[in-house]
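Quantities reported herein were computed from a predicted structural model and do not represent experimental measurements.
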Amino acid sequence: MSQPKRTQAIDAAQDVDTVEVNDLDKGIDAVEVPVIASTSASEPLVTRRELWSYYLYYNGDNGVGPTNYSLTLFLSLATSAGWDPSQGPGSTCTNSEQCVLAWGSGTKSVSSIVLIANGISFAIMTVLLTTIGSAADYGTFGRWLLLVVTVICWASQFASMALTKPSRWEVAMVVYIISYVSYGATLVFYVAVFPRLARNTPHARHLRDRLENQEISREEYELEESLERNHVSNISTWHSNVGYIFVLCLNLAVLLPLANNVLVDNYTIVLTNMYWVILGIWWFILQQRRPGPPLPQGEHYLTIGWKQIWMVLKQWKKLPFTFVYLFAFFLLSDGLNTTGTLVSICQNDQFEFSFLQSTYLGLAQAFTSTASTIGAWWIQKYWKISTKKMFAFTNVFTVLIPVWGMIGLWTTKFGFHQVWEYWAYNVVSGLTQAPYYSYSQTMMAELAPPGFDNMFFALFGLSNRASSMIGPNVIQAIIGDTQNNWKGFPFLVALCSAASLVIWFGVDVEKGRRDAVAWAEQNRPNAATSMHGEGVLPASRDSVKKS
């Protein structure tokens, strides 16, 4: 690495408050560990237009098309093409759990096929994120990567116009997988941008100046910086929910007057996609350049990701709380994502794959999501509640939702058997799961080493979007054997409960944040050579004290 770059990195690290660490194992008497991350002075200040374009992208990228409508259309075509196994080919189906299609040398239920499609999607995302996720930290690759996956998602949504016959259910499955994978990738690479934005807002810069001038304490700085992250995260999530409301209302202008048109569902997906295109394009125009270090000599964008992830995984002893969180969130996301898919399958059966009913239910969730996201932020800001406690509150309901579904094993009076329960589910989900997404990514932002955002958010995305290879495969096997969708809920209760307990008892955010900042300062000078130091932080943090 050239001397000027190393000098810049060292100079940047000197203007921060520090704590002293005694490393007995390494024989190092004292190591200066920064409390806050240095940011390059060349990084531009976030402008109001840039921040609004960031919010508007998420407003359009609200998931209505790729997750809701595409799944409903896929389910509808597959069920129309299937037959009742008790009556044989040529018969009609009444619901997806007792409807089969030719699959390999035999048959599979439509519910199982949908879960298999989700499993395939998560497997593809795993390969995608591990291959190029970390590479997004270098140069401007992350900026172009988000553009490419966004365009792929837009194209797949427009391709829904070709899905007009039950015989095209296999094509619908492919389109759904492409839509789901590209949509999941847009979320990962979009969210990876926000820590860098949050570090460069005028308020964040002002906080740094006050800390360096010793006008505020280290503890006060850490609290206020965390609140600033939560502010950007919550407002962007709020915008996503506002977009969710607006696009669903907009779709009623198509769904109501064209209710008897055979292509009304396809038109609805196209309209939803156009909304995202119109709002999302501005981020790629107004985003300012904040490039990472150049790609190391001799490395390639398609291989460096695997090398970086391997090197980072070897650092787990130096970043214990970061990796405990990633592991637990892997299980939690698996449970939550699979629960959402299973409830959606039951819901579509209940309402006979109606886009109109799906829109009404979506509006119920969207209104409550919007209120809860901004409400949670106000509550957190007023009472100065930590991110971890806010996240833990949402996790309680992540467990209770599959618990409610499990009750349906023993009675049909409730447990996702009645119409009113799906209205209740969408309301409760909006009130509790919208803040879940906001606080889960803020937790990751606090535990990720600054300057290595895409690398760690790729692992976070792996835990979030690409984690669900366990749940869908287990659940589809259970449903395939029992022909009962509700048999999958007990497994999901156990999965979500275990993950929530690990996060609450096993993750210390304050210590994890300081470990992450120290690791970043140690390794930032080596980033351009793709060589991460073996580290100077001890396995134990008991020796940390304020200097």
Participant: Would you please test Thr442 and Thr387 for side-chain hydrogen bond (donor to acceptor under 3.5 Å, both in side chains) and show each step?
Facilitator: CA-CA 7 Å; Thr442 306; Thr387 300; 5.7 Å; no
Participant: Looking at every heavy atom in both Thr272 and Gly65, which two are closest together, and how far apart are they?
Facilitator: CG2-N, 3.7 Å
Participant: With Ile475 as reference, evaluate Asn485, Leu492, Thr341 under the side-chain contact (heavy atoms from CB on, under 4.5 Å) test and give the passing residue.
Facilitator: Leu492
Participant: Gln157 vs Ser70, test: side-chain hydrogen bond (donor to acceptor under 3.5 Å, both in side chains). Steps then yes/no.
Facilitator: CA-CA 8 Å; Gln157 290 292 280; Ser70 291; 3.0 Å; yes
Participant: So which atom in Leu75 and which in Val114 form the shortest heavy-atom distance, rounded to 0.1 Å?
Facilitator: CD2-CG2, 3.6 Å
Participant: Do Ser240 and Asn62 pair up side chain to side chain, a donor and an acceptor below 3.5 Å, judged on atom types alone?
Facilitator: no
Participant: Using modelled atom types and a 3.5 Å cut-off, is there a donor and acceptor pairing between side-chain atoms of Ser354 and backbone atoms of Gln357?
Facilitator: yes
Participant: Please answer whether the main-chain N or O of Gly408 pairs with a side-chain N or O of Thr412 as donor and acceptor at a distance below 3.5 Å.
Facilitator: no
Participant: If only side-chain N and O atoms count, and only distance matters, is there a donor-acceptor pair under 3.5 Å linking Trp306 with Thr131?
Facilitator: yes
Participant: What distance separates Ile116 CD1 from Ile120 CD1, expressed to the nearest 0.5 Å?
Facilitator: 7.0 Å
Participant: Assess whether atom CH2 of Trp310 is packed by more than 12 heavy atoms of other residues, nucleotides or ligands within 6.0 Å.
Facilitator: no
Participant: Does atom CZ of Phe158 have more than 12 heavy-atom neighbours, drawn from other residues, nucleotides or ligands, at distances under 6.0 Å?
Facilitator: yes
Participant: Please determine whether the number of non-hydrogen atoms from other residues, nucleotides or ligands lying under 6.0 Å from atom CH2 of Trp103 exceeds 12.
Facilitator: yes
Participant: Establish, yes or no, whether a centroid distance under 6.0 Å links the rings of Phe414 and Trp404.
Facilitator: yes
Participant: If you count the non-hydrogen atoms of other residues, nucleotides and ligands that lie under 6.0 Å from CD in Gln418, is the total more than 12?
Facilitator: yes
Participant: Ignoring hydrogens and angles, tell me if any N or O in the side chain of Gln347 forms a donor-acceptor pair with the backbone of Tyr422 under 3.5 Å.
Facilitator: no
Participant: If you measure only the distance, is there a donor-acceptor pair under 3.5 Å linking the side chains of Asn426 and Gln365?
Facilitator: yes
Participant: Which ring-ring contact (aromatic ring centres under 6.0 Å, His included) pairs, counting each pair once, include a residue from residues 352-374, with sequence neighbours left out?
Facilitator: Tyr69-Phe355
Participant: Mark yes when over 12 heavy atoms from residues, nucleotides or ligands other than Trp282 sit less than 6.0 Å from its CH2; otherwise mark no.
Facilitator: no
Participant: Can you name the nearest heavy-atom pair linking Ser372 to Gly430, along with the distance?
Facilitator: OG-O, 2.8 Å
Participant: What pairs of residues pass the side chain to side chain donor-acceptor pair (under 3.5 Å) test when at least one of them lies in residues 158-178, not counting sequence neighbours?
Facilitator: Asn118-Tyr176, Thr164-Arg168
Participant: Grab the two heavy atoms, one from Ser156 and one from Ser179, that are nearest each other, plus how far apart they are.
Facilitator: OG-OG, 2.9 Å
Participant: Considering non-hydrogen atoms only, spot the tightest contact between Ser236 and Tyr58 and give its length.
Facilitator: O-CD2, 3.1 Å
Participant: If you measure from OG on Ser111 to CD1 on Ile479, what distance do you get to the nearest 0.5 Å?
Facilitator: 5.5 Å
Participant: Please tell me whether Phe397 and Phe393 form a close aromatic pair, meaning their ring centres lie under 6.0 Å apart.
Facilitator: yes
Participant: Between Tyr54 and Phe194, is the ring centroid distance below 6.0 Å?
Facilitator: no
Participant: Identify the residue among Asn234, Thr368, Asn241 that makes a side-chain hydrogen bond (donor to acceptor under 3.5 Å, both in side chains) with Thr373.
Facilitator: Asn241
Participant: Quick one: do the Thr150 and Tyr57 side chains pair a donor with an acceptor below 3.5 Å?
Facilitator: yes
Participant: Can you give me the closest heavy-atom contact between Cys153 and Trp276, atom names plus distance?
Facilitator: SG-CZ3, 3.5 Å
Participant: Using 0.5 Å steps for rounding, measure from the CD1 atom of Ile178 to the CD1 atom of Ile124.
Facilitator: 8.0 Å
Participant: Taking the six-membered ring for Trp, are Phe452 and Phe456 closer than 6.0 Å centroid to centroid?
Facilitator: no
Participant: Tell me, which pairs form a ring-ring contact (aromatic ring centres under 6.0 Å, His included) where one or both residues lie in residues 242-261, sequence neighbours left out?
Facilitator: Phe246-Tyr275
